[in-house]
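Computation of the quantities below employed the complete heavy-atom set of this structure, encompassing side-chain atoms and omitting hydrogens, waters and symmetry-equivalent molecules. Per chain, numbering begins at 1; letters A, B, ... match sequence-line order.
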2 protein chains.
Amino acid sequence: MNRRNTPTKEAVLNLLMNSRKALSQDAIERQLDIEINRATIYRVLNRFCEDGIVHKIVAEDGKQYFAICKKCENPQEVIQPHFHFRCLSCDTIECLQVPVECSVPNGYEVQNANCVLTGTCNDCS
Amino acid sequence: MNRRNTPTKEAVLNLLMNSRKALSQDAIERQLDIEINRATIYRVLNRFCEDGIVHKIVAEDGKQYFAICKKCENPQEVIQPHFHFRCLSCDTIECLQVPVECSVPNGYEVQNANCVLTGTCNDCS
DNA sequence: GTATTATTGCAACTTATTCGCAATAAAATA
DNA sequence: TATTTTATTGCGAATAAGTTGCAATAATAC
Ligand SMILES: [Mn+2]
Ligand SMILES: [Mn+2]
Ligand SMILES: [Zn+2]
Ligand SMILES: [Zn+2]
């Protein structure tokens, strides 16, 4: 399935690239200048994920957040799982450059990790 | 607000205590012999959380899972955050006895952690 | 310029969780 | 034990996040 360039795709990608934070669908919709349908935003984001341009974080609020990480600059390279930090005060999520290291019991095989610390960020403390 | 003993409370607590895994609301409802309303199960679980008897894990499927951990035997003691493992094959979550250690940038304060590794468990690999 | 098909918008749907409210039943009190 | 108090429950409705079917639109290839 070949990908096409569209204003929507551009706009969402720009937002994510210029954001220091991971963004949720509604945050993206709010911050966009052009109006884009909710379902479309999700579809664009999921495509980015499939293509390895973006990664998805699920927070304890049950919502999905999307971020471009440093490593994503080079999509060839596999993004290694890292911690995320969610500030309860300003309700933003950011990638920490701390890799997740956790030894699992024998016979267990780790494929992915979703790790989110919560608390107060520097701006809010 | 004083807590009362009810068959519902007992049943749910028993299930959790005898389960090696963290359970979601629907898993609990399925496994119970007595019929308990969905909303009630959530309320019971949330009360357990408030009381420190149970802790909640949110997985990347966006669902809440509830577990009694070793440390919870002594509710006085604060449960230290630990990793969890979700098996994509048998769709269960269990507590790993691996504490979450992650250094955060200056000025950041960690209050809680929600860390879930995904993959295949020993039974399923 | 035309054909192909990826992308979009819309509305409807699903699934998880919560909430209001009246009925029920623990536990405290008389 | 009978009565009172109020925590707990069940029900239905509401909320919220995310997905899906479908027809219309518009990139891209030819
Ligand atoms: Mn990240
Ligand atoms: Mn646990
Ligand atoms: Zn903050
Ligand atoms: Zn398994």
Side-chain angles (χ1 to χ4, degrees), chain A residues 1-16 22-67 84 86 88 91-93 114 116, chain B residues 1-16 21-51 53-67 84 86 88 91-93 114 116:
Chain A
M1 218 184 272
N2 255 324
R3 294 280 131 94
R4 293 179 182 178
N5 286 324
T6 67
T8 291
K9 188 177 163 179
E10 299 264 296
V12 174
L13 192 57
N14 269 342
L15 249 189
L16 288 172
L23 300 175
S24 60
Q25 177 278 319
D26 59 289
I28 291 173
E29 186 168 348
R30 250 182 291 114
Q31 290 180 44
L32 281 174
D33 349 287
I34 56 175
E35 192 130 327
I36 306 179
N37 180 268
R38 185 168 31 117
T40 303
I41 295 178
Y42 276 115
R43 281 187 282 226
V44 167
L45 289 169
N46 287 331
R47 256 177 265 144
F48 284 158
C49 285
E50 283 171 33
D51 297 348
I53 298 167
V54 155
H55 63 283
K56 184 197 290 189
I57 307 116
V58 178
E60 357 71 77
D61 61 0
K63 285 173 66 177
Q64 305 181 347
Y65 294 79
F66 300 85
H84 297 89
R86 181 160 106 99
L88 297 169
D91 193 33
T92 60
I93 293 195
N114 187 77
V116 183
Chain B
M1 219 186 272
N2 254 325
R3 294 280 131 94
R4 294 180 182 176
N5 285 323
T6 68
T8 290
K9 188 177 162 179
E10 299 264 297
V12 174
L13 192 57
N14 269 342
L15 249 189
L16 287 172
K21 312 277 189 167
L23 300 175
S24 60
Q25 177 278 319
D26 58 290
I28 291 173
E29 187 169 345
R30 250 182 290 114
Q31 290 179 44
L32 280 174
D33 349 285
I34 56 175
E35 192 129 327
I36 304 180
N37 181 268
R38 188 166 27 120
T40 303
I41 295 178
Y42 276 114
R43 282 187 283 226
V44 166
L45 289 169
N46 286 331
R47 259 176 263 144
F48 283 157
C49 285
E50 284 171 32
D51 297 347
I53 298 167
V54 155
H55 63 284
K56 184 197 291 189
I57 308 115
V58 177
E60 355 73 76
D61 61 0
K63 285 173 65 179
Q64 305 181 347
Y65 293 79
F66 300 85
H84 297 88
R86 180 158 108 97
L88 296 169
D91 193 34
T92 60
I93 294 196
N114 187 77
V116 183

Quiz item: When you measure from the side chain of A:R47, which nucleotide among D:dA27, C:dT7, D:dG10 comes out closest?
Solution: C:dT7
Quiz item: A:Q64 side chain: which of C:dT8, C:dA27, D:dT19 is closest?
Solution: D:dT19
Exercise. Determine: side-chain N/O of A:N2 to OP1/OP2 of D:dA29, distance under 4.0 Å, yes or no.
Key: no
Practice problem: Please name the residue in the list A:K56, A:R3, A:R43 that meets the salt bridge (charged side-chain N to carboxylate O under 4.0 Å, His left out) test with A:E50. | Solution: A:R3
Quiz item: Between atom OH in B:Y65 and atom C1' in C:dT15, what is the gap in whole Å?
Solution: 12 Å
Quiz item: To the nearest angstrom, how far is B:I28 atom CD1 from C:dA16 atom P?
Solution: 14 Å
Exercise. Enter the distance from B:T8:OG1 to B:I36:CD1 here, rounded to the nearest 0.5 Å.
Key: 3.5 Å
Practice problem: Nearest whole angstrom, please: distance from the P of C:dA6 to the CD of A:E10. | Solution: 19 Å
Quiz item: Just how far is it from atom CG of B:D33 to atom CG of B:L15, taken to the nearest 0.5 Å?
Solution: 7.5 Å
Exercise. Report the nucleotide, chosen from D:dT6, C:dT7, C:dA11, that has the shortest atom-to-atom distance to any side-chain atom of A:A39.
Key: C:dA11
Quiz item: B:R43 side chain: which of D:dG18, C:dC19, C:dA6 is closest?
Solution: C:dC19
Quiz item: In whole angstrom, what separates B:D26's CG from C:dT18's P?
Solution: 14 Å
Practice problem: Rounded to the nearest 0.5 Å, what's the gap from OG1 on B:T40 to CG on B:L45? Could you check? | Solution: 10.5 Å
Quiz item: CZ of A:R3 versus P of D:dA29: gap in Å, rounded?
Solution: 15 Å
Quiz item: Starting at OH of B:Y42 and ending at P of D:dG10, how long is that distance when rounded to a whole Å?
Solution: 15 Å
Self-check item: Upstream residue (5' side of DNA chain D) when B:R38 and B:E35 are each assigned their closest nucleotide
Solution: B:E35
Quiz item: When you measure from the side chain of A:D51 to the backbone N and O of A:I53, does any donor-acceptor pair fall under 3.5 Å?
Solution: no
Quiz item: Out of D:dG10, D:dA17, C:dA16, which has the shortest distance to the side chain of B:I36?
Solution: D:dG10
Quiz item: Could you give the CG-to-P distance, from B:D61 to C:dT15, as a whole number of Å?
Solution: 13 Å
Practice problem: Give B:T8 one of three labels, base, sugar-phosphate or nothing, depending on what nucleic acid heavy atoms sit under 4.0 Å from its own. | Solution: sugar-phosphate
Practice problem: Consider the side chain of A:N37, meaning its heavy atoms from C-beta on, and name the nucleotide among C:dC10, C:dT8, C:dT4 that approaches it most closely. | Solution: C:dC10
Exercise. Looking only at side-chain atoms of B:T6, point me to the closest of C:dT17, D:dG10, D:dT8.
Key: D:dT8
Quiz item: For the pair made of CG in B:N46 and P in C:dA16, what is the distance, rounded to whole Å?
Solution: 16 Å
